[in-house]
Number of protein chains: 2
Amino acid sequence: MSSVSALQQTLAKRSYSLTRPRRLVFEALDSGQPRTMRELCQQLQTKVDRASVYRTVKLFSDLGVITRLQIGWKYKLELSDNFSHHHHHFNCQKCGALINLPESPELEAYISNLAGQSGVTPLEHQLEIQGLCATCTADVSHE
Amino acid sequence: MSSVSALQQTLAKRSYSLTRPRRLVFEALDSGQPRTMRELCQQLQTKVDRASVYRTVKLFSDLGVITRLQIGWKYKLELSDNFSHHHHHFNCQKCGALINLPESPELEAYISNLAGQSGVTPLEHQLEIQGLCATCTADVSHE
DNA sequence: ATATTTGCAAAGGCTTTGCAACCCC
DNA sequence: GGGGTTGCAAAGCCTTTGCAAATAT
């Protein structure tokens with residue numbers, strides 16, 4: 001529950017309160033995979049109104065609590081780096097699996113270097129890789 | 001016009017024809033910055049019906065002619081690597097500028113290495129960086 | 001006690017679809 | 001000429017908004 005108290009602090013810092021619906025949205029995202037707005041609403045169906053889920057997602061996004069990922073043509077929501085670990089995503093084009101890739105300080109350094117070369121100040125970034133997951137790679141080579 | 005003939009070939013390969021609306025959508029994207037669906041529709045307003053723009057965008061996407069970028073909470077469309085050069089994007093959080101970052105073979109190598117460590121086969125990727133552009137970085141330090 | 005937040009319902013946008021007319025090969 | 005495509009209009013979603021009731025501090 002320590003992550004809920006971190007959320008509490010983040011909200012308080014901007015004079016927002018930690019209400020039941022907000023806690024429920026946070027907890028839904030805190031466990032498991034990134035999910036679509038639809039999935040999130042369905043999961044909270046009987047507990048939180050759709051409009052409140054939308055309002056909460058927007059608020060959390062403004063506060064940097066959640067991040068929006070582009071997965072193919074849809075987007076998914078997950079907790080931001082402040083509430084989980086920084087990582088990147090791999091999406092299998094065949095079976096749809098979504099895999100978290102391990103952190104790589106080397107890559108991070110290179111990314112910020114690349115941005116620096118253009119004179120800009122990098123603050124955040126997302127990397128999404130598509131291709132075939134290990135299982136599907138094996139399947140294809142056996143065909 | 002050589003890029004239009006490349007499009008022609010891509011379409012023909014899957015038995016689609018190069019029609020006037022498709023050519024117009026392609027040409028609109030071929031020049032200038034990535035744009036939103038709304039901008040694309042407005043630009044083609046008098047020439048192509050909105051429904052056809054949507055159908056064409058979906059088709060082009062299936063054929064790998066265009067890519068969808070996530071810019072903050074909205075998405076934008078641009079020609080894919082096959083029809084332009086592979087590059088990444090920087091988005092200024094203050095003024096909204098969208099800047100293309102130079103290609104970097106080293107970065108590409110890191111990325112494919114990262115994917116390889118997880119046993120997956122990387123085929124495509126997108127990197128989006130947010131922060132402050134050069135001008136806004138200067139502005140902030142003068143404040 | 002009071003300002004914030006929620007649920008509900010309705011409105012507003014964006015995207016897709018059915019179908020007759022039209023165009024590309 | 002004929003099947004793939006388009007335009008139009010209507011339907012379907014997704015998301016936002018107004019407002020009275022409920023809630024947090």
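A note on names: the letters A, B, ... follow the listed sequences, proteins ahead of strands, and every chain is numbered from 1.
- Here A:Ser17 reaches the OP1 or OP2 of C:dT5: one of its side-chain N or O atoms lies under 4.0 Å away.
- Aromatic rings of A:His125 and B:His89 (six-membered ring for Trp) have centroids beyond the 6.0 Å cut-off, not under it.
- Distance, B:Gln45 CD to D:dC8 C1': 15 Å, rounded to whole Å.
- The CZ atom of B:Arg23 sits 15 Å away from the C1' atom of D:dT6 (whole-angstrom rounding).
- For A:Arg50, the CZ atom is loosely surrounded, since the number of other residues' heavy atoms within 6.0 Å does not exceed 12.
- Among the nucleotides D:dA24, D:dT5, D:dT15, the one closest to any side-chain atom of A:Thr19 is D:dA24.
- Here A:Arg20 lies out of heavy-atom contact (under 4.0 Å) with every strand.
- Rounded to an integer number of Å, the gap from NZ of B:Lys58 to C1' of D:dG4 is 18 Å.
- As a whole-Å value, the separation of B:Lys47 NZ from D:dT6 C1' is 17 Å.
- One interatomic measurement links the two molecules: CG of B:Leu63 to C1' of D:dG4, which rounds to 14 Å at whole-angstrom precision.
- Listed candidates were D:dT5, C:dG7, C:dC25. Nearest to the side chain of A:Asp49 is C:dG7.
- Here B:Tyr16 does not reach the OP1 or OP2 of D:dG3: none of its side-chain N or O atoms lies under 4.0 Å away.
- Between the CD1 atom of A:Ile66 and the CG atom of A:Leu77 there is a distance of 5.0 Å, given to the nearest 0.5 Å.
- In terms of phosphate contacts, B:Arg22 brings a side-chain nitrogen or oxygen within less than 4.0 Å of OP1 or OP2 of D:dT5.
- Taking the six-membered ring for Trp and thresholds of 30 and 60 degrees, B:Phe83 and B:Phe26 have ring planes more than 60 degrees apart, a perpendicular arrangement.
- In terms of phosphate contacts, A:Ser52 brings a side-chain nitrogen or oxygen within less than 4.0 Å of OP1 or OP2 of C:dG7.
- Phosphate proximity of C:dT15 to B:Tyr54: present, with a side-chain N or O under 4.0 Å from OP1 or OP2.
- Between the side chain of B:Arg55 and the base of D:dG7 there is at least one donor-acceptor pair of N/O atoms closer than 3.5 Å.
- Here the C1' atom of nucleotide C:dT15 and the CG atom of B:Leu40 are 14 Å apart, to the nearest Å.
- Between the CD atom of A:Glu39 and the C1' atom of D:dC13 there is a distance of 16 Å, given to the nearest Å.
- Annotation: A:Arg68, atom CZ; neighbour count of heavy atoms from other residues, nucleotides and ligands within 6.0 Å is above 12.
- Side-chain nitrogen and oxygen atoms of B:Arg38 include at least one within less than 4.0 Å of the OP1 or OP2 phosphate oxygen of C:dC14.
- Nearer to the 5' terminus of DNA chain D, by closest-nucleotide assignment, is the contact made by B:Val53 (compared with the other of A:Lys74 and B:Val53).
- The interatomic distance linking A:Asp62 (CG) with C:dT5 (P) rounds to 13 Å, in whole Å.
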